[in-house]
Amino acid sequence: MPLSAILWISFLGSALARPLALRLGQRAGWVLAILPASLFGLLWIAGSGLEGAGAIVEEVAWVPSLGITLDLRLDGFSRLFGLMITGIGTLVTIYAGAYFADKPAHKGASFLALILLFMSAMLGTVLSDSLIGLYVFWELTSLVSFLLIGFDSYKASARKAALQSLIVTAGGGLALFAGILLIGMELGSFSLSNAMQNSAALAASPWCGTIMVLVLLGAFTKSAQVPFHFWLPNAMEAPTPASAYLHSATMVKLGVYLLARFDLAFAQVPAFGTALIVFGGLTVLVASVRALSRTGYKAVLAQSTVSSLGVLVLLIGLEGPVAATATVGFMLAHALYKATLFFCAGTAIHATGRTSLVEINGLRRALPVTAVAAALAAVAMAGLPPTFSFIAKEYLFEAQLESGSGWFALVALVLGSAVFVAIAGIVSLRPFFLGRSREGAVHHGETPGLFLGPAVLATLGLLLGLLPGLAVAPLLGPAASALVGQALPVSPALWHGLTPMLGLSALAVLLGLALYLLWPRLLARLAHLDWLDRLLGDAGYNHAFEGVLALARRCTLVLQNGDQRRYTATVVGATLLVTAVGLVLAAPPLAIDLSLEGLRLAPAVVVGLMVAAGFAATRMRSLPAALVAVGIVGFGSALLFLLNGAPDLAMTQFSVEALLVVILAALLLQLPIRPPSTRSAGERRVDALLAGGFGLVTFAALAAMTAAPLDLRLTEFFAARSYPEAFGRNVVNVILVDFRAIDTLGEIAVVAFAAMAVWGLLARRAKGKEPT
Amino acid sequence: MNLIYALAIALLTGCGVHMLLSRHVVRIILGVSLLSAAVNLVIFYSGRISSTVPPVIEPGSSALSEAAANPLPQALILTAIVIGFALIAFAAALALQAQRSIGTLDNAGLDVAESLGTPFDGPEKRR
């Protein structure tokens with residue numbers, strides 16, 4: 001089956017999901033889960049023949065004229081991702097159906113449709129070989145994530161978190177897009193696999209550093225790395241199934257996916273690996289501290305997710321083939337246990353109506369299957385044998401020791417692992433096994449829909465640990481091979497003997513146990529450190545966000561201050577500035593035409609009269625006198641037209657001017673004749689300066705205009721064609737009613753609209769008068 | 001002659017801008033009227049004011065003689081005159097209505113919209 005068909009099925013299915021779910025009612029989750037489940041099957045079959053670093057490629061044309069394709073590509077790595085997306089997607093769909101069972105049907109239906117749409121976008125992202133296609137799907141995941149975080153749109157906190165995540169991830173997406181365009185410019189193609197093979201060309205490019213920073217921005221925002229780590233914990237406003245799916249198992253790993261893909265492309269840029277180790281390590285440390293200072297069930301899980309993402313980013317930065325194996329292993333292990341823990345958290349919160357870990361206790365009797373799943377997932381999170389996570393963690397330490405990249409990464413990894421151990425205890429032992437739940441604290445027990453997901457995932461985590469061969473040949477081997485670009489032998493086992501890795505594991509577990517026991521005291525300390533929260537939280541984002549709003553407010557208050565004179569002055573001043581700069585910078589330098597050639601007395605007298613009237617108009621206090629002065633200017637221009645071979649213009653100007661004087665005189669009948677001036681002396685000076693400057697610039701522009709040669713092509717065209725083609729001798733007339741007839745129609749329309757508006761304005765008055 | 005025209009147009013433009021900057025609506029309307037007269041002259045000037053012969057094709061000839069005035073700016077100005085008239089007539093009606101309903105045509109007193117407050121005030125501060 002072609003890859004494009006898989007995507008089509010996915011998108012069509014999610015488009016149909018909402019109406020179908022409304023019809024199905026309570027069974028919607030179970031029935032809709034058929035879609036992701038069958039996609040899982042299709043992907044499994046499609047990729048089962050893949051060996052080593054091989055890939056299935058499908059070319060899909062999109063915008064051939066721009067060289068943009070929607071090429072798809074399936075290799076071991078994208079297959080592992082695709083299987084995680086569809087596999088966990090199946091369980092999330094079932095879980096969400098049960099989770100929304102007590103909510104209005106349309107809410108559940110919308111949620112399921114969004115979850116499936118998100119799954120389709122994720123599949124599109126990991127199957128795209130075209131970077132443009134990847135970007136489009138990438139932003140689609142951000143958009144759906146926005147909708148899911150803000151799903152409870154009546155809550156202000158949900159809306160704020162949704163907006164925050166959108167600004168951060170979509171903003172990072174724009175940076176990624178810029179990087180992609182630069183890659184396309186440098187390599188001549190938007191193909192991801194091409195970029196992976198052309199690392200030398202990329203490293204040699206002068207844009208290499210810029211591309212790297214832009215790609216890192218895109219990945220770090222999506223995967224919540226320091227300093228963009230703050231949005232992910234806030235995203236826990238989303239309903240828990242969405243948190244389990246988007247914000248732990250899949251979407252936030254897209255950044256990691258991108259970095260892993262570009263690891264080969266940037267293979268010859270050492271700064272890339274260093275940046276990953278530094279930012280990944282910092283993220284691990286920051287998130288570890290924050291995880292221990294939270295009490296919200298989902299908040300603690302979210303912080304530990306940020307930490308895990310930091311571990312993954314750090315791993316990609318490490319050299320050597322073991323790092324690739326460790327990356328894919330940890331990615332799979334994390335998806336299995338973290339989705340399980342989110343499911344368990346969701347059920348516990350749903351059942352008790354409480355969100356704080358301090359308030360949830362001893363749920364093992366009410367939710368027995370969930371409790372067992374949580375326990376298994378916690379063992380996995382702690383990285384203890386015999387779970388698959390233990391194997392992944394051994395690889396993690398081995399990759400670190402093998403690459404020899406210094407103490408910083410090692411400390412970050414050991415500390416991060418220790419905090420994982422502590423958090424595993426905090427999120428499973430305390431709520432489910434320690435203490436006793438209060439009477440009536442549990443509103444409902446578990447339903448099959450609620451416990452199937454966690455049970456399956458937790459069991460898988462255990463099974464893959466006991467029989468590591470199950471995961472290796474079909475999944476991890478090809479995935480790791482695809483990352484390094486060559487076939488990679490992977491042979492994991494639970495027991496490696498007494499190795500340094502085992503020692504580090506033991507150290508992490510011991511440290512973690514100590515942290516777990518100290519947690520209540522640590523929490524009391526950390527929760528009161530406001531400066532820590534400010535330093536590591538989203539204070540910076542809020543500051544920037546509110547700064548932008550304050551700037552907008554200040555600009556509005558200055559520019560939009562309600563005084564029309566100031567608006568006009570701003571516009572005049574700006575026009576003046578732009579024109580003056582344009583005149584000064586004009587190349588070649590402007591010539592100035594100061595000739596008095598062809599001087600005639602009559603027009604000169606008229607012009608002099610007009611200028612005198614113009615000045616009089618500005619000086620007169622009385623409005624009728626000013627109207628007369630303006631009228632003189634109008635009639636003067638009509639005379640000028642008459643004296644210079646434009647009788648048509650003169651006639652029009654005479655009649656229009658007469659009409660205008662009548663209309664304005666009628667207006668003046670209703671007004672005080674000598675209104676007092678409200679311009680202060682200072683304002684008068686500014687106005688005189690602006691008017692003078694405007695006149696000066698106009699003069700310079702006009703003098704420069706006649707010094708330049710005149711382009712007469714249009715005039716010659718009209719002069720030659722008017723009679724033969726339009727049978728008119730008056731050329732001005734012919735231009736208006738024939739060559740530019742549509743223009744004239746528009747002009748008539750303007751006059752008609754103005755007349756209608758005037759009529760409407762004055763009729764309103766008449767109507768308003770009637771009752772009185 | 002070009003110098004005289006350019007100077008006169010520039011001075012008229014300056015006068016128009018000065019009236020436009022006034023706070024009284026009628027003065028602003030008169031300023032617009034002055035400015036549009038000046039702009040029409042700019043268009044006229046840009047096609048060169050040199051001939052006194054109207055651009056009409058002589059009987060017996062099929063093309064315009066070389067001596068005739070440039071017809072293109074004249075066509076543009078004809079449109080501009082009419083549009084300028086419509087604009088000023090509309091503005092005058094608007095001013096009349098404002099005078100009737102608010103009682104002043106001084107912009108300092110025309111603050112019906114401003115007294116609604118700004119979007120930044122929040123709902124409780126807005127009247």
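Order of the sequence lines fixes the chain letters, A, B, ..., with proteins taken first and strands second; residue numbering starts at 1 for each chain. The figures that follow rest on heavy atoms only: side chains count, while hydrogens, waters and symmetry mates do not. Computed from a prediction, not measured in an experiment: that's the story for all the values here.
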To the nearest 0.5 Å, how far apart are [atom1] in [X] and [atom2] in [Y]?
X      : Y      : atom1 : atom2 : answer
A/Q564 : B/R23  : CD    : CZ    : 10.0 Å
B/I77  : A/T652 : CD1   : OG1   : 10.5 Å
A/T715 : B/N70  : OG1   : CG    : 3.5 Å
B/I29  : A/L667 : CD1   : CG    : 6.0 Å
B/H24  : A/R565 : NE2   : CZ    : 16.0 Å
B/S46  : A/L710 : OG    : CG    : 8.0 Å

Under a 4.5 Å heavy-atom cut-off, does chain B meet the side chain of [X], its backbone, both or neither?
X      : value
A/P676 : backbone
A/L664 : side chain
A/V758 : both
A/T744 : neither
A/D563 : side chain
A/A749 : neither
A/V633 : side chain
A/L627 : both

Using non-hydrogen atoms and a 4.5 Å limit, figure out which bit of [X] sits close to chain A: side chain, backbone, both or neither.
X      : result
B/D106 : side chain
B/L94  : both
B/S51  : backbone
B/L41  : side chain
B/A95  : both
B/L96  : both
B/A69  : side chain

Taking the side chain as everything from C-beta on, heavy atoms only, tell me whether [X] gets closer than 4.5 Å to [Y].
X      : Y      : result
A/R679 : B/L21  : yes
A/F718 : B/L64  : no
B/S61  : A/Y723 : no
A/L640 : B/Y5   : yes
A/L762 : B/R100 : yes
B/T52  : A/L643 : no
A/L623 : B/R27  : yes
A/P675 : B/L105 : no

Heavy-atom closest contact ([X] atom, [Y] atom, distance):
X      : Y      : answer
B/H18  : A/T618 : ND1-CB, 4.0 Å
B/S33  : A/V630 : OG-CG1, 3.5 Å
B/N40  : A/Q653 : ND2-OE1, 4.2 Å
A/A691 : B/G14  : CB-O, 3.3 Å

Do other residues, nucleotides or ligands put more than 12 heavy atoms under 6.0 Å from the [atom1] atom of [X]?
X      : atom1 : result
A/R619 : CZ    : no
A/R621 : CZ    : yes
A/L669 : CG    : yes

Among [options], who wins on heavy-atom pairs under 4.5 Å with chain B?
options                        : value
A/L712, A/T706, A/T568         : A/T706
A/A604, A/A719, A/A752         : A/A719
A/L660, A/L690, A/D711         : A/L660
A/L668, A/L671, A/L714, A/V572 : A/L671
A/L642, A/L599, A/V697, A/I748 : A/L599
A/F641, A/W759, A/F694, A/F753 : A/F641

Between [options], the one whose heavy-atom pairs under 4.5 Å with chain A are most numerous:
options                    : result
B/A89, B/P59, B/A37, B/G47 : B/P59
B/G31, B/P55, B/S65, B/A91 : B/P55
B/L76, B/L30, B/V42, B/L20 : B/L30
B/A75, B/A93, B/A86        : B/A75
B/I49, B/V82, B/L87        : B/V82
B/T104, B/V17, B/V53       : B/V17

- Item | Intermediate values then yes/no, side-chain contact (heavy atoms from CB on, under 4.5 Å), B/T13 and A/F699 | CA-CA 9 Å; B/T13 313; A/F699 176 72; over 6 Å; no
- Task: Report yes or no: does B/Q74 contribute a side-chain atom to a donor-acceptor pair with the main-chain N or O of A/G645 at less than 3.5 Å?
- Result: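 The answer is yes, because a donor-acceptor pair under 3.5 Å joins these two groups.
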- Please step through side-chain contact (heavy atoms from CB on, under 4.5 Å) for the pair B/L11 and A/F615, ending with a clear verdict. CA-CA 8 Å; B/L11 288 172; A/F615 270 94; 4.1 Å; yes
- Item | Any residue meeting salt bridge (Lys or Arg N to Asp or Glu O under 4.0 Å) with A/E716, in chain and number order, not counting sequence neighbours | none
- Item | Residues of residues 731-740 of chain A contacting chain B, heavy-atom criterion under 4.5 Å, by residue number |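 Within residues 731-740 of chain A, near chain B: A/V731, A/V732, A/I735, A/L736, A/R740.
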- Would you please test A/D743 and B/T79 for side-chain contact (heavy atoms from CB on, under 4.5 Å) and show each step? CA-CA 8 Å; A/D743 240 23; B/T79 309; 5.6 Å; no
- Task: Please test B/F85 against A/I663 for side-chain contact (heavy atoms from CB on, under 4.5 Å), starting from the C-alpha separation and ending with a verdict.
- Result: CA-CA 10 Å; B/F85 164 70; A/I663 290 174; 4.0 Å; yes
- Query: What's the verdict on salt bridge (Lys or Arg N to Asp or Glu O under 4.0 Å) for B/E58 and A/R729, showing C-alpha distance, side-chain angles and the deciding distance?
  - Reply: CA-CA 7 Å; B/E58 304 285 328; A/R729 292 194 178 277; over 6 Å; no
